[in-house]
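Remarks on the structure that follows.
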There are 2 protein chains.
Amino acid sequence: MRRDAILEAALSEFYEKGLAAARLDDIAERAGVSKGTLYLYFSSKEDLFRGLIDHHTGPAIERIKSMVGLAPSMEQALESFSHIAPSIIKETSMPLMIKVMIGESQAFPDIIRHHRTQIIDQCYSILIDALQAAQDRGEIDIDNVEMTARLVFAPVVYSGIWRSVFDPVSEKELDYDALFKAHTKMMLRGLNYRPQTQRDGT
Amino acid sequence: MRRDAILEAALSEFYEKGLAAARLDDIAERAGVSKGTLYLYFSSKEDLFRGLIDHHTGPAIERIKSMVGLAPSMEQALESFSHIAPSIIKETSMPLMIKVMIGESQAFPDIIRHHRTQIIDQCYSILIDALQAAQDRGEIDIDNVEMTARLVFAPVVYSGIWRSVFDPVSEKELDYDALFKAHTKMMLRGLNYRPQTQRDGT
DNA sequence: TAATACTGACTGACCAGTCAGTTATATAGA
DNA sequence: TCTATATAACTGACTGGTCAGTCAGTATTA
């Protein structure tokens, strides 16, 4: 679709040059359309930017919810997390979007605020609930559930940054599989994880 | 100093708007000088940007080296780390610099490459050496030293981003002290940390 | 009175956004 | 099936505003 081609080209250009420095002529050329056509789909450069964000972050929450919310044990949750995370980092444009959004965060505080409240806080509360439930059934033993949730998530942010910022200037890319494997192992120990038996832990 | 005032103003403007969108007139006004004066200290906007980076990242390595390199045990190293990290996040302009550098990373790959090789890799090798030494004397027990070093550092990146991107759009700021306290605790457990006695562990 | 530091109006390049004109597609009638 | 006409999709030269960088002139200090 024309619209998708434009969005893809816009992401590339915004990622490479930033919103202000990206030229609509370049985006149009990259998408294989003329500049005028851009304005048939988006009313302005800013509208294109906002359209890009909507396009990429709409489906994001659902994926995360299903990933974390439905695992039977903390071990399995972390296991599937550390499996899926590297492929998201390597194969989706999430890291590029992160880079672009960080770059424009001060210029568009409403977008950032919206994302924090609608996506990030959502993710944390899912994660916090999962941790709290595991804590309640004696599966893990931690002091500060909220901060622990952030620590579980920190390597995702780290990887997103590394992927979009440092991988492009490195000879070989970071081994995200190894990183998340190590993370899972560290977490399980750090959480004082003890597998629950079949019996109810009451 | 005039030069310092200009650099400070430049950081604020670059942070708020990005390099391309920042106007030299605004930087000059913010620094309390005329636009012409900027050109007495810096030959171009890009030169100002590079000057800013040099100004902030020159002293950085030394601080980190002294922090991690000289602690007698892993526990003490992590302890001092989790003490110093929050104050660096909250009280220095490191998070702002991180945000700016991420935003311009694709536009100035040479700067990013230089930083990775000269600062980040340095930090990691210090950290890796410290972990390896602790491993060798039986203080900790981990599989992957390199990835573990990255996991120790991940919350610093996370905090830097949160500080510069999300704190400005939040009612209350993140509790970085609690975050790093939790991190240290998790790490000590995750590393399988066992304090060494006075005796040699051979 | 010389040298140095600073100023801010000016200019030329650049680019977001426009719109008159062109091309492609759909519909209808012969 | 072929032409005519209407409509929708697209094009790219053009314009007006913006801003990095300049430099002749002014203020300050030695």
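For clarity, every value in this text was computed on a predicted model and none was experimentally measured. Throughout, protein chains are lettered first and strands after them, A, B, ... in sequence-line order, and every chain is numbered starting at 1.
The interatomic distance linking Arg2(A) (CZ) with dA9(D) (C1') rounds to 8 Å, in whole Å. One atom, CD of Glu13(A), and another, P of dA16(C), lie 11 Å apart when rounded to the nearest Å. Counting to the nearest Å, the P atom of dT7(C) and the CD atom of Glu29(B) are 12 Å from each other. In this structure, Leu19(A) places its CG atom 12 Å from C1' of dA16(C), rounding to the nearest Å. Taking atom CG on Asp47(B) and atom P on dA20(D), their separation rounds to 15 Å, with Å as the unit. The CZ atom of Arg3(B) sits 14 Å away from the P atom of dA5(C) (whole-angstrom rounding). Rounded to whole Å, atom P of dT11(D) lies 9 Å from atom CD1 of Ile6(A). We find that CD1 of Ile27(B) is positioned 11 Å from C1' of dA20(D), with the value rounded to whole Å.
Taking a cutoff of 4.0 Å between a charged side-chain nitrogen and a carboxylate oxygen, Glu171(B) and Arg116(A) qualify as a salt bridge.
With dT7(C), dC15(C), dT11(D) as the candidates, the nucleotide lying closest to the side chain of Arg23(A) is dC15(C). Ranking dT7(C), dA16(C), dC10(D) by closeness to the Asp25(A) side chain, first place goes to dA16(C).
Distances shown here put every side-chain N or O of Thr37(A) at or beyond 4.0 Å from the OP1 or OP2 atom of dC10(D). For the pair Lys45(A) and dA16(C), the criterion of a side-chain N or O lying under 4.0 Å from OP1 or OP2 is met. Side-chain N/O atoms of Tyr39(A) include none lying less than 4.0 angstrom from OP1 or OP2 on dT11(D).
Residue Leu40(B) is classed as a base contact, given a heavy-atom separation below 4.0 Å to a base. In this structure, Leu24(A) reaches the sugar-phosphate backbone alone: every heavy-atom distance under 4.0 Å involves primed, P, OP1 or OP2 atoms, never a base. Backbone-only engagement by Ala22(A) is indicated by non-hydrogen atom pairs under 4.0 Å involving sugar-phosphate atoms exclusively. At the heavy-atom level, Phe42(A) lies nowhere under 4.0 Å from the strands shown.
Across the interface with DNA chain C, nearest-nucleotide mapping of Ser44(A) and Gly32(B) shows Gly32(B) to be the residue nearer the 5′ end. Across the interface with DNA chain C, nearest-nucleotide mapping of Gly36(A) and Ala20(A) shows Ala20(A) to be the residue nearer the 5′ end. Between Lys35(A) and Lys35(B), the residue anchored nearer the 5' end of DNA chain D, judged by the nucleotide with its closest heavy atom, is Lys35(A).
Between the side chains of Thr37(B) and Arg2(B), not a single donor N or O lies within less than 3.5 Å of an accepting N or O.
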(request) Could you walk me through whether Ile140(B) and Leu188(B) pass side chain to side chain contact (heavy atoms under 4.5 Å, CB included), step by step? (result) CA-CA 8 Å; Ile140(B) 63 175; Leu188(B) 286 175; over 6 Å; no

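Within 6.0 Å of atom CD in Glu29(A), 12 or fewer heavy atoms from other residues, nucleotides or ligands are found, so the atom counts as exposed in its surroundings.
Inter-residue side-chain proximity for Asp167(B) and Lys90(B) is flagged as unmet; no heavy-atom pair is nearer than 4.5 Å.
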